[in-house]
Amino acid sequence: MPLRHRLSGSVPAILLAALLGFLIVCPLLAIFVKAVVVDGRFTLSYAAAALGERENLEMIANSLLLGALVVVVSTLIATPLAYLFSRTSFARHRAFDVLFLIPFMTPPYIASMGWILFMQKWGLFGQLCPSFADGVAPFFSLAGLVLVMSLHIFPFMMTILRNAMMNIPQSLEESAAVAGAGFGLRLRKIFLPLLSGNYAIGALLVFVKTLSEYGTPYTLGRRIGFDVFTTDIHRYAAVAPVSFGKAAVLASVLVAVCLFLWMIQNTITARRSYRLVGGKGSRFALASLSPSAQCLGWFYVSAVFFIAVIIPYFSVIATSLIRLRGYGLAPGNFTLQHYGALFSDSESALAAMGNSLFLGVVSATICAVLGTAVVLAVRRSPRWGRVLEAAGLLPEMLPGIVLVIGLMLFWNEIYAVLPLYNTMGILVVTYVVLFLPYTIQYVTSAATQMSRSLTEAGRVFGGRPFYIFRRITFPLLFRGIAAGWMMTFIISVRELVAPSLIAPPNTLVVSTYIMREFEQGSVSLGMSMAVLCVAVTAAALLFLNRYIRGLSR
């Protein structure tokens, strides 16, 4: 290929790499610089002193302990469900594939508020069962925090384990059974070793997501005095006396922990990966359960669904309908006036909804354009492809609060050049940085199904680049672009960390409005907004799924 053509193909990739470096890499570098550069000179003494503080050491131990416990409890909840929905007759009930995604799609801070309203003194549980009128004290402890976070994250572990179990050929267990191996021996020697690589991936992701979670530790963890990385970083960056240096130090440690875990996971999966799906056909049969096992399975599935979905949603919806909290669930004490107040009496509620919709639409559109450009540049310039993909997908590997702190530090430093800080523009930039990986992944998935011969044929027949993009490339990528746009919009509407740290003064979005009303005692109004938030995101998700199915026909 002539040098001129190679350069023309690399220029867009180089420009995109520079843009992603400016938006993503520079803020991350700003964190590390803030942690080790004090008064213009390099020193590790400040970082060492910050990490040596007793409260910070306790916080790091709390975070690691919480992550480990959530992995254990999530595994205990998810493993029986994964087995039932992959190896037994329960797999025929496909509705549970959607029902058990509800906890994962529910904003964690909303589910946490639901549990608090249910378990607190004179809470909904105490009203239903007067013997617990003083609340359930054991819930407001580390055990309760682990339970709530596990109930949010277990569908992720369940999906990974279920897919792995479905790929284990039936013939392996049958061969072992013919050789005289009992169920326990087959489980120990065949089933569990074949799952170890996939489980390592799931356990790592659950651990990292637990360390990255802010909503539940803020609402429930702070109430029981259990500080973790995200709440302490938020406190140092947003609560007087502000200390961006300590926030940067803790953010750097959190990044180091996540990268170390990624290395461990890669090592385990490299050693414990098995090729179970090949060219040879394999028979797959669902195990038939005895009547007693069938009843036990239905009881377990129902109990998990009740605890993970029914209780928090009942609490949120019931609270949004209660007229006077002092009367609780008494007959005649239900009203829709709180929903009406969101649209009539509360200007801040309307402003919060407008801000969330604006940020969702704008950030999703920018992500769609930028993500599509990244994918096309990767396909056109393989030399720069790895750099672009690494930079574009980097935010997915890191806790969101780390990126937000980096953006705060970086955009403060360049305020004299680009005065974007303390405007809605900085929120748009933050949302784009956080959610760009979703668009890249969806568009990449669509691009892998598109043969290069189609665009080559367009060039052979004299089509110019824009014509080829408009008539060939864009129609074939449209499904992935639309899916990435909708997913970015859904997540943007419910985002909590970014607006709580970097939003302009007196600017509310849906999530911060809910948190403010919950903390100030206007719980019913806050829960009304929470119900609307969940309803909007659920409706958008259903529309997305139906739209994608329609395009697939």
Side-chain angles (χ1 to χ4, degrees), residues 16-37 211-215 218 229-239 242-256 258-259 355-356 358-360 362-364 366-367 370-371 374 390-440 488 491-492 494-505 507-509 511-512:
L16 281 172
L19 177 61
L20 294 182
F22 179 76
L23 292 176
I24 300 173
V25 179
C26 288
L28 288 177
L29 293 177
I31 294 175
F32 298 116
V33 170
K34 188 69 175 180
V36 298
V37 175
L211 293 183
S212 308
E213 174 56 35
Y214 169 72
Y218 181 81
F229 271 116
T230 51
T231 54
D232 263 19
I233 292 173
H234 183 277
R235 176 168 59 86
Y236 283 129
V239 180
V242 173
S243 177
F244 284 115
K246 290 184 179 180
V249 170
L250 295 183
S252 301
V253 174
L254 183 53
V255 170
C258 293
L259 293 179
N355 290 335
S356 290
F358 168 79
L359 290 168
V362 173
S363 61
I366 296 175
C367 284
L370 186 56
V374 167
L393 296 176
L394 184 60
E396 188 181 35
M397 301 173 58
L398 300 174
I401 195 168
V402 170
L403 287 167
V404 176
I405 293 296
L407 288 164
M408 293 174 66
L409 295 173
F410 178 69
W411 285 92
N412 261 318
E413 289 294 326
I414 65 172
Y415 183 81
V417 180
L418 291 174
L420 201 63
Y421 199 77
N422 271 343
T423 68
M424 288 293 287
I426 192 63
L427 269 178
V428 172
V429 171
T430 304
Y431 279 34
V432 169
V433 170
L434 291 176
F435 308 133
L436 180 61
Y438 293 99
T439 300
I440 292 178
T488 303
I491 299 174
S492 298
R494 49 190 274 188
E495 170 63 17
L496 173 62
V497 174
S500 67
L501 276 172
I502 209 169
T507 299
L508 292 174
V509 296
S511 57
T512 52

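Since we're looking at a predicted model, the values are computed, not measured.
- Heavy-atom minimum distance, Pro499 versus Ala503: O-CB, 3.0 Å.
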Throw together a table of side-chain donor-acceptor distances under 3.5 angstrom for residues 428-438, partners on residues two or more places apart or in other chains.
residue: Thr430; atom: OG1; partner: Ile426; partner atom: O; Å: 2.7

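- Considering only heavy atoms from C-beta on, Asn422 comes within 4.5 Å of Pro505 through its side chain.
- Judged as a side-chain hydrogen bond (donor to acceptor under 3.5 Å, both in side chains), the pairs with a partner in residues 244-254 (not counting sequence neighbours) are, in order, Glu53-Lys246.
- Looking at residues two or more places apart in sequence or on another chain, you find a side-chain contact (heavy atoms from CB on, under 4.5 Å) between Val255 and Phe32, Leu259, Leu398, Val402.
- Across all non-hydrogen atoms, the minimal contact from Gly371 to Ile440 is CA-CG1, 3.9 Å.
- A heavy-atom distance below 4.5 Å is not found between the side chains of Pro27 and Leu403.
- Residues Ser500 and Ser511 are not in side-chain contact: their nearest non-hydrogen atoms beyond the backbone lie 4.5 Å or more apart.
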Discussion item. Could you go through Leu28 and Leu394, starting from their C-alpha distance and side-chain angles, then the distance that decides it, and tell me whether this counts as side-chain contact (heavy atoms from CB on, under 4.5 Å)?
Written reply: CA-CA 10 Å; Leu28 288 177; Leu394 184 60; 3.3 Å; yes
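- What you find for Leu409 and Ala248 is that their closest heavy atoms are CD1-CB, 4.3 Å.
- Contact record, Ile233 with Ala247: O-CB, 4.0 Å, taken as the closest heavy-atom pair.
- Between the OG atom of Ser363 and the CD atom of Glu495 there is a distance of 10.0 Å, given to the nearest 0.5 Å.
- Taking Glu396 as the reference, Gln441 meet the side chain to side chain donor-acceptor pair (under 3.5 Å) condition, with sequence neighbours excluded.
- Listed by chain and residue number, Asn355, Met424, Pro504 satisfy the side-chain contact (heavy atoms from CB on, under 4.5 Å) test with Thr507 (two or more places apart in sequence, or in another chain).
- With sequence neighbours excluded, no residue satisfies salt bridge (Lys or Arg N to Asp or Glu O under 4.0 Å) with Lys34.
- In this structure, CG in Leu370 is found 9.0 Å from CD1 in Ile366, a value given to the nearest 0.5 Å.
- Rounding to the nearest 0.5 angstrom, the gap separating the CG atom in Leu407 from the CD1 atom in Ile31 is 8.0 Å.
- For Tyr236, the side chain to side chain donor-acceptor pair (under 3.5 Å) partners two or more places apart in sequence, or in a different chain, are Glu55, Asn56.
- Using a 4.5 Å heavy-atom threshold, the side chains of Tyr415 and Leu418 count as separate.
- Partners of Ser356 according to the side-chain contact (heavy atoms from CB on, under 4.5 Å) rule, which considers only residues two or more places apart in sequence or in another chain, are Val509, Val510.
- Every side chain to side chain donor-acceptor pair (under 3.5 Å) that Asp232 has, sequence neighbours left out, goes to Arg235.
- Remark: Phe358 CZ to Ser492 OG distance equals 12.0 Å, nearest 0.5 Å.
- In this view, Tyr218 and Arg222, Glu519 satisfy the side chain to side chain donor-acceptor pair (under 3.5 Å) rule, not counting sequence neighbours.
- Looking at residues two or more places apart in sequence or on another chain, you find a side-chain contact (heavy atoms from CB on, under 4.5 Å) between Ala238 and His234, Leu501.
- Closest of all the heavy-atom pairs between Ile405 and Ala237 is CD1-CB, 3.4 Å.
- Shown here are the ring pair (Phe, Tyr, Trp, His ring centres under 6.0 Å) partners of Phe410, two or more places apart in sequence or in another chain: Phe22.
- The OH atom of Tyr421 lies 5.0 Å from the CG atom of Asn412; values are rounded to the nearest 0.5 Å.
- Of the inter-residue distances, the one linking Leu250 atom CG with Thr231 atom OG1 reads 10.0 Å to the nearest 0.5 angstrom.
- Of all heavy-atom pairs between Thr230 and Tyr214, the closest is OG1-CA, 3.8 Å.
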